[in-house]
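In what follows, a single structure is set out as structure tokens and then discussed.
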Protein chains: 2
Amino acid sequence: MAKIDDVARLAGVSKGTVSNVFSQKRPASKTVTERVLKASRELNYVPNHIARSLVTKKTMAIGLTIPHGNFFFSAFHNQFINGVVLEASRFGYRVLLDMLPAQEVKTPSLASYPIDGAIVLGPTEEDERINLLHQNGIPFVTVGKIFNSQVESAPTVNNDNARILHDICDYLIGKGHANIMFLNANERMTVSIERKTAFFEALAKHRIALREHMLHYKPSVHSEDYLNYGYEETRRVIGEMGERVTAIIADDDRTAFSAMNAIKDIGLRIPEDISLFVICGDLSMMHRTAPPLTGMDLQPSELGVQSVRLLMHKLGACEGDYQDNMVISSTIVEGDSCSTI
Amino acid sequence: MAKIDDVARLAGVSKGTVSNVFSQKRPASKTVTERVLKASRELNYVPNHIARSLVTKKTMAIGLTIPHGNFFFSAFHNQFINGVVLEASRFGYRVLLDMLPAQEVKTPSLASYPIDGAIVLGPTEEDERINLLHQNGIPFVTVGKIFNSQVESAPTVNNDNARILHDICDYLIGKGHANIMFLNANERMTVSIERKTAFFEALAKHRIALREHMLHYKPSVHSEDYLNYGYEETRRVIGEMGERVTAIIADDDRTAFSAMNAIKDIGLRIPEDISLFVICGDLSMMHRTAPPLTGMDLQPSELGVQSVRLLMHKLGACEGDYQDNMVISSTIVEGDSCSTI
DNA sequence: CTGAAAGCGCTTACAG
DNA sequence: CTGAAAGCGCTTACAG
């Protein structure tokens, strides 16, 4: 690979001038610019991104830090990433998919991240990724509330999870449901905590007592049960224990599908016997299932776009006003999976 | 941020020794190691990844180059990326989502990529990304065949697209279909060309003449029609032109859904009136639609895993034998969307 | 508008 | 097992 010295020599100018022609940080005469460009073309020269980063302290990449391990992108993440990549590219930034430990200890050999900022997906309680980012002085935005003792607050883009659970419960209870089973996300995720609290509140508001086995948490991604989360729980609670359940709230579409399988295996029907509500689903898919699923439109793509924009503000790459805590609105999209009792 | 000199000074050793404690490239005495680690902890020191990369010429990141513009990840890409990220992390590599122009001209300010290698998704004819990678001497693997005049061949992971189209046509023709409309991927993609050729061959094999309007290509992502590809074509050909069509092969699930909408709007049913076959779909979703879709299992996650592994071989990060052209097998998964005439 | 020189924060032969 | 010094390929004040 040709380097800047080669071009400078061939064009008969100094390295600084070559640098300048590419970065355009100070004016250059037309003749010199052309000589440099010509020499670069001949030598197939392209500036070395790493060397540039070392001095400018900018990598022009943002990290999307996802929990380490057998993490699986869902349809929700898919749309989220679409939003992130598109918006980041508008600012000239690339996106680094970064698997950082959420709970594990950092290894001493872990080098500082070659990123200018980060978006933390699905924060957990005492999220180690957030401590790491904080310690390393890397600006970051979280998608979801944080509960870290070392880091008090951070710019956050989030849905109004409490409101969402209230809306869902009001919706179901309004249809006459009092026996609602909630298949929540992983217990360590802050979103689960926000949801759980609101779930309790909503039930209490309607004077419904929460019975045992009506709240479950998605197992760790390392667990064997991860991919089938919802199946066992539904079978056991409804089928074996004979617990009275008329509605199920499922964290995401995968969970909803698992629950659907269980319901079918038990010999019950949706929505005649059991109503099903999905929180994080892909709208285009939800309309296609049998029956079409009723669920929440969380606007995952918009979450992605706004989290990038917030981060860009933090990096000084985006002008204008902004606020540190953005809430993305969400609405119920009705299918045919919830019926009135 | 503390740097290596600070640690060296505090620990009373040379920079080289500090470097060595972190890289472990040569043995270090226990006492020195401990002194360095202690000093690092006190100063909150982490090696600078960029500076390290500049001298080692390794970034420990691979690029996933996706076409520039309004690109949308589909369920297929989603699973593909899952495979890529998981396998890359096994080798200590991160994944950079890179939007490079597929057809556009490179800007002179484009710096060399801070990646050690790249995976090129959905290559097109004369793919500019491939020329760029080639010119910059960056090892790459393509997912799909390449047709570039400047680059003769490249390590490739692919499905057997010709075989797939033959299988699909045999399957449909075996069910009595002779009027098959094919909603192919974008015309510039090499996969489309492979499929088209095989589609023609398969029809010819069964002495079926290809009629006009029976082959369509997905518009560019920049087109307004991108998201609804399949709807207009189906409505026009079957509804308005009254062309006899008994089966449709759809590129991916989004296309299949659009076709389903059109079929419904025309007043026809699946599979009674029209059979529908989807090539790139998400299996867990395909089982859930109404009716369940019949389609191909392309093993997108396995495509991702194998493309990373092939690239790792190219980078010398993976030992053992390997071949430059890997074919991932695919099988027909039956739903209820194709019927016998 | 252009050049010479220092420096970004590491790693790596080369000695010892 | 450890150190001193050169060098990775750029950018950036500082002069002119």
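- Salt-bridge check for A:E42 with A:K38: passed, with a basic side-chain N closer than 4.0 Å to an acidic carboxylate O.
- Which of D:dC1, C:dG3, C:dG9 sits closest to the side chain of A:T17 comes down to C:dG3.
- Whole-Å rounding puts the A:R35 CZ to C:dT2 C1' distance at 11 Å.
- Atom pair A:H49:NE2 and D:dG9:P shows a separation of 16 Å (rounding to whole Å applied).
- Inter-residue side-chain proximity for A:Q135 and A:V151 is flagged as unmet; no heavy-atom pair is nearer than 4.5 Å.
- When the nucleotides D:dT11, C:dC1, C:dC8 are ranked by their closest atom to the side chain of A:R52, D:dT11 comes out on top.
- When rounded to the nearest whole Å, the span between CG of A:L54 and P of D:dG7 equals 17 Å.
- For B:K15, the side-chain atoms get nearest to C:dT11 when compared with the rest of C:dT11, D:dC1, D:dT11.
- The interatomic distance linking A:I50 (CD1) with D:dT11 (P) rounds to 13 Å, in whole Å.
- One finds a side-chain N or O of A:S29 lying less than 4.0 angstrom from the OP1 or OP2 phosphate oxygen of C:dT2.
- Listed candidates were C:dC10, C:dG3, D:dC10. Nearest to the side chain of A:V13 is C:dG3.
- When the nucleotides C:dG9, D:dT2, C:dT11 are ranked by their closest atom to the side chain of A:K57, C:dG9 comes out on top.
- In this structure, the CD atom of B:Q24 is 13 Å from the P atom of D:dC1, given to the nearest Å.
- Taking only side-chain nitrogens and oxygens, A:K25 comes nearer than 4.0 Å to OP1 or OP2 of D:dT12.
- Between the P atom of D:dA6 and the CD1 atom of B:I4 lies a distance of 18 Å, rounded to the nearest Å.
- Dashed line: the shortest gap from a side-chain N or O of A:T56 to OP1 or OP2 of D:dT11 is not under 4.0 Å.
- Aromatic ring orientation, B:Y45 versus B:F22: perpendicular (interplanar angle above 60°, classes split at 30° and 60°).
- The pairing partner recorded for C:dC14 is D:dG3, the criterion being a Watson-Crick or G-U wobble arrangement whose two distances lie under 3.5 angstrom.
- Following rounding to the nearest Å, B:D5 (CG) and C:dT11 (P) show an atom-to-atom distance of 12 Å.
- The side chain of B:K3 sits closest to C:dC8 out of C:dC8, D:dT2, C:dT12.
- Toward the 5′ end of DNA chain D lies the nearest nucleotide of B:G16, the other residue of the pair B:A51 and B:G16 mapping further downstream.
- Under 4.0 Å is where a charged nitrogen must lie from a carboxylate oxygen, and between A:D127 and A:R129 at least one such pair does.
- A salt bridge between A:R9 and A:D6 is present, with a side-chain N of the basic residue lying under 4.0 Å from a carboxylate O of the acidic one.
- Spacing between atom CG of B:N48 and atom P of C:dG9 amounts to 7 Å, rounded to whole angstrom units.
- Relative to the side chain of A:V55, the nucleotides C:dG7, C:dA4, D:dC8 differ in distance, and C:dG7 lies closest.
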